[in-house]
Amino acid sequence: MRKKFRLSEFLAEKIIKSVAFISFVVIILIFVFVFREAAPIFFAKEKAAEQTETIQYETYGEEISGLEAESQNNSKQKTSTTDESTIKNLMGKDWQPVGDEPKYGLLPLFVGSLKVTLISVLFGSPVAILAAIFTSLFMPIKIKEFIKPIIELLASFPSVVIGFFALMTLATFFQNVFGYTYRLNAFVGGLAMSLAVIPIVYTITEDALSAVPNYFSEASLALGATKWQTAFFVILPAAFPGIFAALLLGFGRAFGETMILLMATGNAPITSFNIFEPVRTLSATIGAEMAEVVFGETHYSVLFFIGSLLFIITFIINAIAEFYVRAKLMKRFRGE
Amino acid sequence: MNESAKISVKDFNLFYGKKKALNNINIDIFEKRVTALIGPSGCGKSTFLRSLNRMNDLIKDVTISGEVLIDNLPIYSKDIDVVELRKKVGMIFQKSNPFPKSIYENVAYGPKINGIKNKNELDEIVEQSLIRAALWEEVKDDMNKNGLALSGGQQQRLCIARALAVNPEILLMDEPASALDPISTTKVEDLIFELKKNYTIVIVTHNMQQAARVSDTTAFFYMGELIEYSDTKKMFTSPDKKQTEDYIRGRFG
């Protein structure tokens, strides 16, 4: 009965542990990187001083020295304006990051993100929830086993394809139907986004409904309730926390999405509550501008700051959905 | 046994897919009596019980033949509304299954889906049902408590109250006390004794003593067949068939 050394088991365990550890570390490092790049906007003074000394502009052959001096002057001016009131600037109402006096107001981006996200959740979730109710409670099991994976596959649909579809087809179609001025706007973007939200809300709602123990519906049916009464008065309320979690995750998905919104919303940072006007979302801003900013500049840091915001918001939403709501769901079945 | 039969089963067969689960059952169940169904696991007694309010309809691949008459109506006939049938034939399950709602909502659920909206009327039904289920005194002060927060025995009586609230005539009980402690079991048994004044009760049980204590007539099932059906007293003292005697004496099962 002496303890045996099993090599394959030992190796498998160590390998799995190290892979898990590496992915954990990589995620942490990504967070650290994003936050570190965003930090300079809050500690602008020291950074600005450093910048003017260290940044050497690239020159190609014989550049005119006057121009170089001018641009260096410019950058000094820029950084000094952000020194004074970066935070105030971020609270502003305009997003005009390029110009003599760059404005980094996040308000229009926030409004844009919220608008599109709400539209997508409002359009997508009723469809998704009703579809989930139907598959979970009314569809024969054989068909369900076939349909559910197909809808789940939609979740892995490349978002650039959905974006392209929205850009080329949906936008024109809805403009013809509603006759609004701007072809690309929050409404079209939100509808396209709902195509990506539906599979997520659907699959989690379906899981929540299927997790409701069978004996609840048996009890209801034995009392002479119809299938619909059982679905709406017993199973739906019992699964409510799970459905709420599904909505939150759908919200998080829409909030963080870049490509669909970059392609279908028109990308104008306007603060308005008209859903037929173009919008610019937080994520699309990063997608559109990151390739063009000067490394280390305030604009660059602001984009990373937006990235951190997105990360924090989606992290909070997902954390609520995962931990709080699921725990509540399980408690409900135990009657605590 | 020359009383009126509440439930009358004639040449009843039931199949799960191709497997025959009930073979040629003929039985008359009498009004305002407690009929116990006993037999070893897998003998078909629960299946038979669930045939009486067509809960087997929910299971895939179930086919039946023969007739079940309740008040002389064939319940498997095409023009019978299953929903109405189940209001008349209530069911208590082995595992107590109150809804994850308040005690009040649990009992009021049945009347509500039947369209009763008047608050006073609902209050009255809830109170009466809980009184008849011998639970009122224990819960009258916290009607908003979650039904699942009650003890096992209280939960089972809550389920009985919930079934009574739709005013059934027949109560089917599938091992209602098998998951309960002895004190709760006694309470449920006393309750069954009370209820038989107004309801026809069919109870499945694994517990011989329980069958002997609560029932008036007993049916012994074995391998999907009804072996013997007679007065409980006779069944437990001088059964006709050897199989019955062996089972009751604990030689198998």
Side-chain angles (χ1 to χ4, degrees), chain A residues 133-148 205 207-246 324-336, chain B residues 49-50 52-61 81-103 105-115 145-152 154-155 158-159 161-168 171-174:
Chain A
I133 290 173
F134 184 70
T135 27
S136 168
L137 307 173
F138 295 95
M139 202 178 263
I141 287 197
K142 273 184 189 160
I143 305 177
K144 177 186 155 181
E145 280 167 358
F146 179 69
I147 293 277
K148 201 183 174 210
T205 303
D207 287 345
L209 291 172
S210 300
V212 175
N214 196 25
Y215 48 75
F216 288 144
S217 51
E218 272 200 334
S220 170
L221 292 169
L223 287 168
T226 63
K227 268 189 152 188
W228 279 100
Q229 285 170 331
T230 304
F232 278 95
F233 299 126
V234 175
I235 299 176
L236 262 190
F240 179 76
I243 296 171
F244 186 66
Y324 174 69
V325 179
R326 296 232 165 158
K328 210 174 159 188
L329 184 69
M330 291 330 287
K331 265 187 189 171
R332 187 173 283 220
F333 293 152
R334 281 187 252 112
E336 286 160 26
Chain B
L49 190 78
R50 292 168 64 97
L52 300 178
N53 67 344
R54 291 184 59 176
M55 288 300 278
N56 284 332
D57 290 13
L58 304 175
I59 301 167
K60 267 200 316 181
D61 293 335
D81 186 1
V82 182
V83 167
E84 292 303 318
L85 168 73
R86 291 188 186 139
K87 280 173 193 162
K88 190 167 169 174
V89 187
M91 187 156 197
I92 315 295
F93 296 86
Q94 177 174 11
K95 187 181 180 309
S96 58
N97 53 359
F99 299 129
K101 302 170 188 272
S102 71
I103 293 171
E105 286 299 323
N106 259 290
V107 184
Y109 177 80
K112 270 187 180 171
I113 57 170
N114 284 329
K145 199 167 153 186
N146 192 316
L148 287 167
L150 295 171
S151 74
Q154 288 174 324
Q155 284 190 23
L158 178 61
C159 292
R162 184 177 64 185
L164 297 179
V166 289
N167 225 355
L171 282 176
L172 308 177
M173 300 185 171
D174 192 353

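Protein chains get the first letters and strands the later ones, always in sequence-line order, with residue 1 at the start of each. Owing to the predicted nature of the structure, the values given are computational and were not obtained by experimental measurement.
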Go through the atoms of [X] and report whether side chain, backbone, both or neither lie under 4.5 Å from a heavy atom of chain A.
X: B/Phe99; value: both
X: B/Arg54; value: neither
X: B/Lys145; value: neither
X: B/Val82; value: neither
X: B/Lys101; value: side chain
X: B/Pro168; value: neither

Quick one: of B/Lys95, B/Glu84, B/Lys112, who has the most non-hydrogen atom pairs under 4.5 Å with chain A?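 So the answer, after comparing B/Lys95, B/Glu84, B/Lys112, is B/Lys95.
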Which atom of [X] lies closest to which atom of [Y], heavy atoms considered:
X: B/Arg162; Y: A/Ala219; answer: NH2-CB, 3.2 Å
X: B/Ile113; Y: A/Ala225; answer: CD1-CB, 3.2 Å
X: A/Phe216; Y: B/Leu148; answer: CZ-CD1, 4.4 Å
X: A/Leu223; Y: B/Ala163; answer: CD2-CA, 3.7 Å

For A/Phe244, I'd like to know if atom CZ has over 12 heavy atoms of other residues, nucleotides or ligands within 6.0 Å.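 Atom CZ in A/Phe244 is not crowded, with 12 or fewer foreign heavy atoms closer than 6.0 Å.
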So does B/Ile59 have more than 12 non-hydrogen atoms from other groups sitting under 6.0 Å from CD1?
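Yes, the 6.0 Å shell around CD1 holds more than 12 heavy atoms from other groups.
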Against chain B, label A/Ser217 side chain, backbone, both or neither, depending on which of its atoms sit under 4.5 Å from a heavy atom there.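 Neither part, no heavy atoms under 4.5 Å.
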| request: Nearest 0.5 Å please: distance from the CD atom of A/Glu218 over to the CZ atom of B/Arg50. | output: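 Between atom CD of A/Glu218 and atom CZ of B/Arg50 there are 4.5 Å.
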* Interatomic spacing from CE in B/Met91 to CG in A/Leu221 - rounded to 0.5 Å ->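 Taking CE in B/Met91 and CG in A/Leu221, the distance rounds to 11.5 Å.
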- Task: Anything under 30° is parallel, anything over 60° is perpendicular, the rest tilted; go ahead and classify B/Tyr109 against A/Phe233.
- Result: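 B/Tyr109 and A/Phe233: perpendicular rings.
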